[in-house]
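Heads up, the thing below is written out as structure tokens.
Note that these values count all heavy atoms, side chains included, but never hydrogens, waters or copies made by symmetry. Quick note: residue numbers are just sequence positions, from 1.
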Amino acid sequence: RANYVLMPGGTFEPGGAAWTLSKGGRIVRGNEPFYVHGAGESYALELPPGASALTPPNCFAFGDWKLRFFVAGSGGKVRVNIVVRSLLLGPLSILDGGTVRAGSTWQPSPEVQLTLTNLTGLLAVDAISVRFTSTGTSSVRIDDAYLDPWKGT
């Protein structure tokens, strides 16, 4: 069993932590229909092909293993990169988290494993940021992005 926690600004609702958006990435009306974080929410992230979004830094410690999010967009794909950071040294490396295919309806992503990032956790890693990049032929939408920082049984 995993105990996920919302990433900073991971609901894309007004007043949340701002993500860095590029090449046409934007916040739009619409929400994943399961209302995992809350029934009153009404915004999501939209990434046209080639656009990207970078999360604010997330606290990170050895034992953080995976992340998940909701995704939609027929024909769309989302490339996930993990930016490993040290408070003293800045970005240390960028790791490949793989590609997630979006369906025509909202679906939870598969677990994006952070195992390689855990190895770098031994090297004074203080935080990670996650970069989502649209690599398919159509726009994708992302909502409710979560990190699994604690383990349960």
Per the side-chain contact (heavy atoms from CB on, under 4.5 Å) rule, which among Thr135, Leu47, Thr133, Val100 passes with Val140?
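Running side-chain contact (heavy atoms from CB on, under 4.5 Å) over Thr135, Leu47, Thr133, Val100 with Val140 returns exactly one hit, Leu47.
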Could you point out which residue of Asn58, Leu147, Thr55 forms a side-chain contact (heavy atoms from CB on, under 4.5 Å) with Leu67?
Leu147
For the residue pair [X] and [Y], what are the closest heavy atoms and their distance?
X      : Y      : answer
Pro56  : Pro8   : CD-O, 3.7 Å
Ala44  : Trp106 : CB-CH2, 4.0 Å
Gly24  : Ala51  : C-CB, 4.2 Å
Ser138 : Gly75  : OG-C, 3.5 Å

Lys/Arg cation over aromatic Tyr43: Arg29, 6.0 Å, 45° cone
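Yes, a cation-pi geometry.
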How many angstroms lie between [atom1] in [X] and [atom2] in [Y], if you round to the nearest 0.5 Å?
X     : Y     : atom1 : atom2 : value
Leu45 : Ser52 : CG    : OG    : 9.5 Å
Ser42 : Phe12 : OG    : CZ    : 13.5 Å
Phe70 : Glu32 : CZ    : CD    : 4.5 Å
Leu54 : Leu21 : CG    : CG    : 9.5 Å

Within a strict 4.5 Å, meaning less than it, do heavy atoms of the [X] and [Y] side chains meet?
X      : Y     : answer
Ser139 : Pro49 : yes
Arg131 : Val80 : no
Ile94  : Val84 : no
Ile27  : Glu13 : no
Met7   : Phe69 : no

Could you name each residue pair satisfying salt bridge (charged side-chain N to carboxylate O under 4.0 Å, His left out) that touches residues 35-49, not counting sequence neighbours?
Arg26-Glu46, Glu46-Arg141
Tell me yes or no: between the side chains of Gln107 and Ser109, is some donor less than 3.5 Å from an acceptor?
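The criterion, which ignores hydrogens and geometry beyond distance, is not satisfied for Ser109 and Gln107.
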Leu6 and His37: CA distance, side-chain angles, deciding distance, side chain to side chain contact (heavy atoms under 4.5 Å, CB included) verdict:
CA-CA 8 Å; Leu6 188 68; His37 187 259; 3.5 Å; yes
Should we count CZ of Arg79 as having more than 12 external heavy atoms under 6.0 Å?
yes
Check the hydrophobic clustering (I, L, V, M, F, W, Y; side-chain heavy atoms under 4.5 Å; chains of links allowed) and say if Tyr146 and Phe34 are grouped together.
yes
I'd like to know if Val71 and Val28 are part of one continuous hydrophobic network [Ile/Leu/Val/Met/Phe/Trp/Tyr, side-chain heavy atoms within less than 4.5 Å].
no
Stepwise salt bridge (charged side-chain N to carboxylate O under 4.0 Å, His left out) check, Arg68 with Asp144
CA-CA 8 Å; Arg68 292 190 81 181; Asp144 293 349; over 6 Å; no
For side chain to side chain contact (heavy atoms under 4.5 Å, CB included), just list the numbers for Val78 and Arg101, CA-CA rounded to whole Å, side-chain angles, deciding distance to a tenth of an Å, and then say yes or no.
CA-CA 6 Å; Val78 178; Arg101 293 184 186 276; over 6 Å; no
